[in-house]
There are 2 protein chains.
Amino acid sequence: MGCLISTKGRYALRIMIDLAGNGQGSYVPLKEMAERQDISLKYLESIMPNLIKSGLVSASQGRGGGYALSRPAEEYSIGEILKAAEGDLIPVACLADGYVCPRADSCRTLPVWKKLDGIIGDYLDRVPLSELLTEEETI
Amino acid sequence: MGCLISTKGRYALRIMIDLAGNGQGSYVPLKEMAERQDISLKYLESIMPNLIKSGLVSASQGRGGGYALSRPAEEYSIGEILKAAEGDLIPVACLADGYVCPRADSCRTLPVWKKLDGIIGDYLDRVPLSELLTEEETI
DNA sequence: ACAATTACCTACCATTTTGATAGGTAGATT
DNA sequence: AATCTACCTATCAAAATGGTAGGTAATTGT
């Protein structure tokens, strides 16, 4: 389909919203969230490590364990969540990390891609996670 | 990789730039452009119908034939070119044409996707093809 | 101590998309 | 008539996507 944001990012966002609804105090088991959000537990298990690695959530094993936000919801941008979940968030392969295009210095379109990337990043970094919460979830 | 714009869109843009360099008068054979741009002729052949369908270029068969811009370069936006080449240009599957999400009315993220889509479209629609031409190509 | 609960890890897999190739057909020009 | 050109159909390898399965290790309540 050619999408910037896949289920990885979308599901991660829903998990973060779910976690925000629970507050920071206690841990929420992934199984609960999988059922609540109607997403495969096993698939979610493959996404969570990305959020852990980026320090967005903390986890605790064993009974009473689960996941929890590591900061208040207002202090997250959805940009950083999507970036963590997806690995990268680029509109065009030319901008891939580590990729050096042989046509780069004569390429007339590269500046446009960079600008586009900037615009997308700016917007997503400006939307706080808390903006996605309903009143009940915020309380 | 998770990209909004694939080679289809990027190659289409390079073809349009190449065509703009030739002016509107005569037709340019695809074979020439494939060699000049170092892109597989056969692959380009699969992209051109999209540009034809959207009325961005006109074609002529037979000797002396090829492709030509159907308007002056200033009157194209790169947004419409990319959209024609890619088929659609959406940042997230939720916005796919004809897709109706069951969670749509309670979804907290959908407004963000729509806004993002708007931002991307606005930018790309505002960049004219002529902005990608060098001085020589513009003459 | 032990059983239950939980995250975490590795491997696998079906489907779709991407990027491309191959060969042939039909129309236009010299 | 010969040639050049777009156009059409089929095929294909590799990668990404979205998901499944089974097991291991850490923690906790009882």
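In this structure, B:S60 does not reach the C:dA28 phosphate: none of its side-chain N or O atoms is under 4.0 Å from OP1 or OP2. Distances shown here put every side-chain N or O of B:Y43 at or beyond 4.0 Å from the OP1 or OP2 atom of D:dC12. Checking the phosphate oxygens (OP1, OP2) of C:dT18, no side-chain nitrogen or oxygen of B:S6 falls inside 4.0 Å. Proximity of A:Y11 to the phosphate of D:dG18: no side-chain N or O atom is located under 4.0 Å from OP1 or OP2.
Distance CE/A:M48 to CG/A:L41: 10.5 Å, rounded to 0.5 Å. Annotation: the span from B:L51 atom CG to B:I15 atom CD1 amounts to 8.5 Å, rounded to 0.5 Å.
Taking atom CG on B:L44 and atom P on D:dC8, their separation rounds to 16 Å, with Å as the unit. Straight-line distance from the CG atom of B:L51 to the P atom of D:dA6: 13 Å, rounded to whole Å. The separation between A:I47 atom CD1 and C:dA7 atom P is 14 Å, rounded to whole Å. One interatomic measurement links the two molecules: NZ of A:K31 to P of C:dT5, which rounds to 8 Å at whole-angstrom precision. Per the geometry, CG belonging to B:L4 stands 13 Å off P belonging to D:dT17, to the nearest Å.
Across all strands shown, B:G65 has heavy atoms under 4.0 Å from sugar-phosphate atoms exclusively, and none from any base. As judged by a 4.0 angstrom heavy-atom cut-off over every strand, A:Y67 is placed among residues touching the sugar-phosphate backbone only. No contact: B:S46 has no heavy atom under 4.0 Å from any strand.
Between B:R10 and A:V28, the residue anchored nearer the 5' end of DNA chain C, judged by the nucleotide with its closest heavy atom, is A:V28. Between A:P29 and B:C3, it is A:P29 whose nearest contact on DNA chain C lies nearer the 5' terminus.
Here the side chain of B:A59 is nearest to one of D:dC4, C:dC8, D:dA6, namely D:dA6. Among the nucleotides C:dG19, D:dT20, D:dC4, the one closest to the side chain of A:S40 is D:dT20. For A:K42, counting side-chain heavy atoms from C-beta on, the closest listed nucleotide (C:dC9, C:dG19, D:dC8) is C:dC9.
For A:S54 and A:E80, the side-chain atoms include no donor-acceptor pair closer than 3.5 Å.
In this structure, the ring of B:Y11 has its center less than 6.0 angstrom from the ring center of B:Y43.
Around atom CZ of A:R36, more than 12 heavy atoms belonging to other residues, nucleotides or ligands sit under 6.0 Å away.
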